[in-house]
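As a basis for the values below, the full set of heavy atoms in this structure was taken, side chains included, without hydrogen atoms, waters or symmetry mates. Counting begins at 1 with the first residue of the sequence.
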Amino acid sequence: MSKVRSFIVLGVTTWAFVVCFAVWLMFGVIGIQIRNELSLNGTEFGLLTSTPVLTGALFRLPLGIWTDRFGGRIVMLALLVASAVPVWFVSYARELWQFLLLGLALGVVGASFAVGTPYVARFFAKEQRGFAMGIFGAGTTGAAINMFIAPELMARYGWQFVPKFYAVALLITALIFWLLSAPDVSAPGKSGVSLRQQLAVLKDLRVWKYCQYYSIVFGGFTALSVWMPQYFVKEYGLSIAEAALLAACFSLPAGVLRAVGGWLADRYGAHNVTWWVLWAAWISLFLLSYPQTDFIVHTISGPAQFHIGLSTLPFTLLLFVLGVAFACGMASTFKYVGDDFPQSMGVVTGIVGLVGALGGFVLPIIFGIVLDWLGINSSCFMFLYGVVWVSLVLNYTTEVRRLPVMGERISASAPAARSRPGATSSDAHRP
């Protein structure tokens, strides 16, 4: 297949993922008005916004398996068409349980990642897969696009119009995808690989290590994407439109710069990029965690009052840095997968994506519980700070103590290193 055709497939599949991701995180914006109408507390709001993420997580493994067996083109098309129905009916929901059930139904769009990643990867040579998967992963900019589109539609027509608009967008996208995409003739399942053989790869401990990485970078990204609009409203008193615009400063770079993360992973190796991503996230979360604080110091001249806290601008800039770090981490994780499991990408992508998306489901609920308990808005960052700290310790004990972490290029012996039993893509950096 020609390079032009490969890039057309990459472009149209990425666009499909953009639309799916915008729909997947729709409740992060329209949920603010729903919360007011239903008088939801923090825990209930976290459940509302995270319910679609649960289905998107659980369906990533089966859809990854079906992609390996039947090809990404037909699976993606079916996903786009089927998801439009529950999205449309969200407009007619009036009770929390109705929103939760419809959220579960429409959440399957989040599994589009496990379909598109192996689909586009098979159209590119191994040395280009990190970049290609980074481009496709840039479809997470759908979260930022949702921040721009949904508030405008809500202001003009009410929140009920947003699900109808997205349902029509899914159907139009399905038509465009079918016309411009190409059959995935190299899907391993078409060569007679059984389901048991496909699932055998899950015995490899490397798969679960990559799950741990992805649950942080993608789970944290997804959770904060749905949590940040209401955070800006509550913490800084902004309107929904203003809050969504600033929240996009986090979700937009995490999508656009994912391709850069793929290029960095191709150039310096998945291990190096992942290690520094964790450090950048840890430092950013430490600063974001500090709540607005007023205190009085008794001096020899009398009481002196001080205030410590991030204003809107430095807070948004730190959030931007965190988004960049997560973007590079998402790309580097799937560079690991592309290098180590080229023949089982659908299954491995499915399970890694499943665990990552489960993180995106659990975290908003935890954010709500901790917020109701402590009453501190920045408690969501405090919790993530602890999670990243644990991950840094695990990463150091399992990899860093025996591998270099300064940006060395992948040596010519990398393929040989990966061919050894139990070797990872980062073994290419071993002296």
Side-chain angles (χ1 to χ4, degrees), residues 25 27-29 31-32 35 42 45-46 49-50 140-141 143-148 150-151 216-258 276-295 305-330 359-360 363-364 366-389 392:
L25 302 184
F27 282 134
V29 177
I32 298 175
R35 178 181 189 173
F45 178 76
T49 57
S50 64
T140 54
T141 51
I145 291 174
N146 178 54
M147 303 292 183
F148 293 113
I216 301 162
V217 292
F218 182 76
F221 164 74
T222 304
L224 289 178
S225 291
V226 298
W227 195 257
M228 281 300 99
Q230 66 87 37
Y231 184 95
F232 277 109
V233 170
K234 292 173 67 68
E235 181 75 358
Y236 295 106
L238 304 179
S239 67
I240 294 177
E242 293 170 332
L245 179 62
L246 291 181
C249 293
F250 168 75
S251 53
L252 186 60
V256 174
L257 297 179
R258 187 161 175 167
W276 293 113
V277 158
L278 291 175
W279 270 107
W282 189 69
I283 294 171
S284 299
L285 287 167
F286 174 80
L287 297 173
L288 290 167
S289 295
Y290 206 89
Q292 302 289 334
T293 304
D294 293 298
F295 62 95
Q305 186 169 346
F306 295 91
H307 175 78
I308 296 178
L310 293 172
S311 61
T312 308
L313 180 59
F315 177 88
T316 305
L317 289 175
L318 279 171
L319 203 60
F320 173 83
V321 173
L322 184 63
V324 172
F326 281 171
C328 293
M330 286 186 274
L363 285 173
I366 294 176
F367 292 167
I369 293 172
V370 175
L371 177 61
D372 289 339
W373 177 39
L374 295 179
I376 300 174
N377 280 326
S378 64
S379 57
C380 58
F381 299 111
M382 298 176 188
F383 184 82
L384 281 179
Y385 171 82
V387 173
V388 173
W389 179 81
L392 270 169

Of all residues at least two apart in sequence or in a different chain, which pass the side-chain contact (heavy atoms from CB on, under 4.5 Å) check with Leu374?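 Expected list: Val370, Ile376, Ser379.
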Run the side-chain contact (heavy atoms from CB on, under 4.5 Å) test against Trp389 and tell me which residues pass, sequence neighbours left out.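 Once residues adjacent in sequence are excluded, the partners of Trp389 under the side-chain contact (heavy atoms from CB on, under 4.5 Å) criterion are Trp282, Val393.
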Just how far is it from atom [atom1] of [X] to atom [atom2] of [Y], taken to the nearest 0.5 Å?
X: Leu288; Y: Ile283; atom1: CG; atom2: CD1; answer: 12.0 Å
X: Ile366; Y: Ser50; atom1: CD1; atom2: OG; answer: 10.0 Å
X: Leu287; Y: Ser378; atom1: CG; atom2: OG; answer: 12.0 Å
X: Trp227; Y: Phe250; atom1: CH2; atom2: CZ; answer: 14.0 Å

Greater than 12 external heavy atoms within 6.0 Å of Phe383's CZ: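 At most 12 heavy atoms, drawn from other residues, nucleotides or ligands, come within 6.0 Å of this atom.
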[X] versus [Y], closest heavy-atom pair with distance:
X: Leu224; Y: Phe326; result: CD1-CE1, 4.4 Å
X: Asn146; Y: Pro151; result: O-CD, 3.5 Å
X: Val29; Y: Ala150; result: CG1-CB, 3.7 Å
X: Ala243; Y: Pro229; result: CB-O, 3.2 Å
X: Ser251; Y: Met147; result: OG-CG, 4.2 Å
X: Ser289; Y: Tyr385; result: OG-CB, 4.1 Å

Can you list the residues that meet the ring pair (Phe, Tyr, Trp, His ring centres under 6.0 Å) rule with Phe148, with sequence neighbours excluded?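 For Phe148, no residue satisfies ring pair (Phe, Tyr, Trp, His ring centres under 6.0 Å) once neighbours in sequence are set aside.
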Would you mind listing every side-chain hydrogen bond (donor to acceptor under 3.5 Å, both in side chains) that reaches into residues 233-247, with sequence neighbours excluded?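 Those involving residues 233-247 are Glu235-Asn377, Ser239-Glu242.
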Within a strict 4.5 Å, meaning less than it, do heavy atoms of the [X] and [Y] side chains meet?
X: Phe367; Y: Leu384; answer: yes
X: Leu245; Y: Leu238; answer: no
X: Trp279; Y: Val388; answer: no

Hey, does the side chain of Thr222 reach the backbone of Gly360 with a donor-acceptor pair shorter than 3.5 angstrom?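 A pair under 3.5 Å: no.
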Under 3.5 Å, which donor-acceptor pairs link side chains of residues 305-321 to any protein atom two or more places apart or in another chain?
unit_1: His307; atom_1: ND1; unit_2: Thr293; atom_2: O; d: 3.2
unit_1: His307; atom_1: ND1; unit_2: Asp294; atom_2: OD1; d: 2.8
unit_1: His307; atom_1: NE2; unit_2: Gln292; atom_2: OE1; d: 3.0
unit_1: Thr316; atom_1: OG1; unit_2: Thr312; atom_2: O; d: 2.7

Answer with yes or no after comparing the ring centroid distance for Tyr290 and Phe381 against a 6.0 Å cut-off, counting only values under it.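 Between Tyr290 and Phe381, the centre distance exceeds or equals 6.0 Å.
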